[in-house]
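Notes for the one structure printed next.
Side-chain atoms are counted along with the backbone in the values below, which use heavy atoms only and exclude waters and symmetry mates.
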Amino acid sequence: MSSLEKIFIALASILTAAMVVLMNVEVFLRYTFSISIKVSEEYSGYLFAAATMLGFYPALMRGRFLRISALVSRIPLKPRAVWELGVGILSALFCGIVTLQTWALFTTSWEFGSVSEQYSATPLMYPQILLPAAWTLLTFGMLYRAVIVAKSLWHGDASLVKDEENVME
């Protein structure tokens, strides 16, 4: 596991813990004192989305990201290398399009000063900036993994994908 993956997993863990604390404080205050901090649902949603996005890259690099390996594992290694490279390129193109669209969402919120409709009136550009950043990383991750896996399979080494296949069994 790379240092980048470890950092993302640690950050996602911290954000998840913060979300749990925030929700539990809200529940405690509501039931004990009949008061609310009024931002727990909104900020828990932001924390959840951020933790999820941070988990995408490590899941991809470990071969645990949106895989259906039951059929693909039966393809011979060299054709499978071509398949993995093609799917990686198509996936990266899709992620690139999503990156551009989430960047447009961020810039629109920034230009118009959009704020959440919740009590906090949070400027939406702050939670939205994570989206294009995470999708950009995922785009490059898709390409990198596709090339590494395809190269490995082309040379007859299926060790990078063996764990994926074992998970499905």
Looking at every non-hydrogen atom in both residues, tell me the closest pair between [X] and [Y] and how far apart they are.
| X | Y | result |
| --- | --- | --- |
| R145 | G63 | NH2-CA, 3.4 Å |
| T139 | A92 | CG2-O, 3.5 Å |
| A146 | G88 | CB-CA, 3.5 Å |

Quiz: residues 127-136 side-chain donor-acceptor pairs under 3.5 angstrom, not counting sequence neighbours:
from : atom 1 : to   : atom 2 : distance (Å)
Q128 : OE1    : S109 : OG     : 2.6
T136 : OG1    : P132 : O      : 2.7

Spell out, yes or no, whether [X] and [Y] are grouped together once hydrophobic residues are joined by side-chain heavy atoms under 4.5 Å, including indirect joins.
| X | Y | answer |
| --- | --- | --- |
| F28 | I35 | yes |
| F48 | M53 | yes |
| W83 | W154 | no |
| M1 | Y57 | no |
| V87 | V82 | no |

Check whether any side-chain heavy atom of [X] sits under 4.5 Å from a side-chain heavy atom of [Y], and report yes or no.
| X | Y | answer |
| --- | --- | --- |
| L137 | F8 | yes |
| I89 | L143 | yes |
| S114 | M125 | no |
| Y43 | T122 | yes |
| F56 | T52 | yes |

> Angle class for the W103/F106 ring planes (parallel below 30°, perpendicular above 60°, tilted otherwise)?
Replying inline: tilted
Using distance only, find each side-chain donor-acceptor pair of residues 10-20 under 3.5 Å and give its atom names and separation, not counting sequence neighbours.
from : atom 1 : to  : atom 2 : distance (Å)
S13  : OG     : I9  : O      : 2.8
T16  : OG1    : A12 : O      : 2.8

First locate atom [atom1] of [X], then atom [atom2] of [Y], and finally report the distance between them rounded to the nearest 0.5 Å.
| X | Y | atom1 | atom2 | answer |
| --- | --- | --- | --- | --- |
| M142 | L90 | CE | CG | 11.0 Å |
| I7 | L54 | CD1 | CG | 11.0 Å |
| E84 | I148 | CD | CD1 | 12.5 Å |
| T99 | F140 | OG1 | CZ | 8.5 Å |
| I37 | S120 | CD1 | OG | 11.0 Å |
| Y31 | E26 | OH | CD | 10.0 Å |

>> Test of understanding: with salt bridge (charged side-chain N to carboxylate O under 4.0 Å, His left out), list the residues that count as partners of E42, not counting sequence neighbours.
In response: none
Please confirm whether the backbone N or O of [Y] pairs with a side-chain atom of [X], one donor and one acceptor, at under 3.5 Å?
| X | Y | result |
| --- | --- | --- |
| S40 | L22 | no |
| R80 | L153 | no |
| T32 | L29 | no |
| Q118 | V39 | no |

>> Walk me through whether L85 and V147 qualify under side-chain contact (heavy atoms from CB on, under 4.5 Å).
In response: CA-CA 6 Å; L85 185 61; V147 168; 4.1 Å; yes
